[in-house]
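We count residues from 1, following the sequence as given. Counting convention: from 1, in listed order, for ligands and their atoms alike. Only a predicted model underlies this, so the values are computations on that prediction, with no experimental measurement involved.
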Amino acid sequence: MTDEQALIGPVLLLDDLTPAVAELALLVLARGDAVPPPAVLDGASVAFDRVATFDRVSVWRAPLRVALPRRFSYRWNGVDYPVALDLSGDCRLAYVSCNGEEHGDLDRDADERNVMWKRLAAEHDAAPFALLLHGGDQIYADEVKDGHALTRDWPVSVPEKPDPAALDGFRAHLRAGFGARYAALYAMPGFATLAARVPSLMQWDDHDICDGWGSLAASITQSAVGQTLYEVAHAATLAFQHGATPKTMPARFGDAAGRHLGWQVKAPGFRILAPDLRGERQLDRVMGPAGWAFTREAALPAEPGHSFLMSSAPLLGPRLSLIERAMRWLPGVQKYEDDLRDQWQSYAHRAAWIEMLDLVRAMTDDPAARVTALSGEIHLATRAEMRFESGKVLHQLVASAITHRPPPRAWARALGALAALGEDPIPRAPIRIHPLPGQRQRYQAERNALVLTRTGDAWSAVWLLEQSGTTPPLAL
Ligand SMILES: [Fe+2]
C-alpha cells in the first residue's frame with residue numbers, strides 16, 4: 001500500500017457557507033517530520049498549520065476562502081485541482097456511507113475495495129459534484145482498539161480500575177492506530193481523487209468510534225477504558241474529518257466546543273442538516289439534551305426550498321422492534337442486539353423517533369418546503385416514503401455502503417418481507433418502503449452510492465449500484 005508516502009492528500013472540506021463566501025479547509029496528512037508545502041489560491045500562497053498529531057501522522061490544514069461560491073482551482077504540490085463549488089443553480093451532490101469493514105479492511109485488495117469510489121470519481125469526471133456528503137462510518141476503527149490488554153474482553157467486560165500508566169499506554173495505542181488508519185484510507189484510489197476535488201461534509205456514526213458505540217452496556221462505554229476510546233475517536237474525528245479541534249470548530253457546528261457534532265449548511269434554495277446521532281447516544285437515547293436542542297433550533301421554523309436531513313441511521317424503516325424483542329429470547333443472537341438498538345425503530349427509542357418524525361413534518365410546514373432524509377448504516381440500498389396529512393411526502397434515500405460488502409441476500413429479503421407489514425408511528429402518516437427505481441426488491445444487496453441532482457428548482461436522485469448499474473432518476 002502507500003505506507004511510505006510522506007504526504008497524503010489533499011482532502012478538501014467545507015467549513016461553512018454564507019451567500020457571499022465559502023470557507024474551505026484543505027487538509028494534508030504528513031508522516032513523521034514532513035511538512036506540507038503551501039497551497040496556492042488565486043495566485044496567493046496559503047500556508048498549512050498543524051491541527052493535531054496522532055503518533056506518526058500529523059494533520060495539517062490550510063484555510064481556503066472563496067468569495068461567492070464558484071468554480072475555481074487551487075494548486076498544491078505541483079498539481080492543479082479544479083473545484084466546481086457553484087451551488088447557485090443546477091448542481092450535483094454525491095452521498096456515500098460505510099467506508100470500510102470491521103475486520104481486515106486495510107488488507108483488502110485496493111482495486112476491489114475501492115471499486116465504487118472509482119466509479120464515483122468517473123461520475124465526477126463526466127459531470128462534477130459540488131459537494132461530497134459522507135453519512136457515517138467514514139472509517140471502521142474497530143481494529144484500532146484491538147491488540148491491547150485493556151480491550152481483551154471488549155465489549156463484554158473491561159478492567160474496572162486500570163492503572164494510569166496502562167490507560168496512558170492505551171491512549172497512545174489508540175492515537176497511533178487512528179493516525180495510521182486515516183492515513184491509509186485517505187490515500188485510497190478513487191477516494192483520494194474525489195476528496196481533493198470535491199468539498200466534503202461528514203457526520204460520524206458508530207464505526208468512527210467502534211461498533212455499536214452508545215448501544216453497548218453503560219458499564220463498557222462509561223468505563224475509563226470506554227471513555228478513553230471515545231476521547232481519542234472524538235479528537236480523531238474532529239482532526240481528520242473536520243480539520244478541527246474543540247477550540248477551532250467550524251461555524252457550521254451547533255456546539256462551539258464539539259460536545260455534539262450536529263451541523264447545518266445553507267446554500268441557495270437548499271440546506272443540509274446533520275444532527276449527531278452518535279456522540280451523545282446511550283442505550284435509552286439517540287441524542288442528548290444539547291443535540292436535541294440544536295436539532296430543533298436548526299430545523300425550525302420551516303424554510304422554503306429543499307432540506308436534506310442527514311440521519312446516519314435510517315429515519316424510516318420496518319418494524320425492527322419485532323425482531324429486537326424476539327432476539328431477547330433467542331440464544332446466540334444477542335450479539336446483534338446493539339445493531340438493532342442503533343435504529344430509530346428500536347422499541348427503546350420509539351418516543352424519540354416519533355418526536356423526530358414530528359419535527360420533520362413541521363419542517364414541511366412552509367408551502368415551498370420539501371424534506372429528504374439521507375441515510376446509510378445498513379449496507380443495503382433502499383428508499384422509503386412517509387406521506388403526511390398535508391399530502392407532502394418525506395422521501396428517505398438510503399445509500400450504504402461505498403466499500404463495505406453487502407450482507408447475505410437472504411437478510412435483504414427478510415427485511416423486505418418485514419417491510420411489507422408497514423409501520424405507522426404517527427397517525428395518518430404511513431411509512432412505506434419501496435424498491436429503488438427499476439428494481440423489484442425493496443432492499444438492494446450490492447455496494448452503492450447516491451447522486452442528487454438539481455435541475456432548475458427540481459431535485460432528483462439516482463443510485464449507482466455495483467452490479468445493477470445506475471437506477472432511473474427518482475423525483476424528490
Ligand atoms: Fe456501516
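Residue D137 approaches the Fe ion (ligand 1) most closely through its N/O/S atom OD2.
W204 has its ring centre less than 6.0 Å from the ring centre of Y230. Separation of the H103 and Y140 ring centroids does not fall under the 6.0 Å cut-off. The distance between the ring centers of W459 and F270 falls below 6.0 angstrom.
At a cut-off of 2.8 Å, Y140 is counted among the residues with an N, O or S atom near the Fe ion (ligand 1). At a cut-off of 2.8 Å, H404 is not counted among the residues with an N, O or S atom near the Fe ion (ligand 1). Coordination check, H207 versus the Fe ion (ligand 1): failed, since every N/O/S atom of the residue sits at 2.8 Å or beyond.
No side-chain donor from either of Y182 and Q138 sits under 3.5 Å from a side-chain acceptor of the other.
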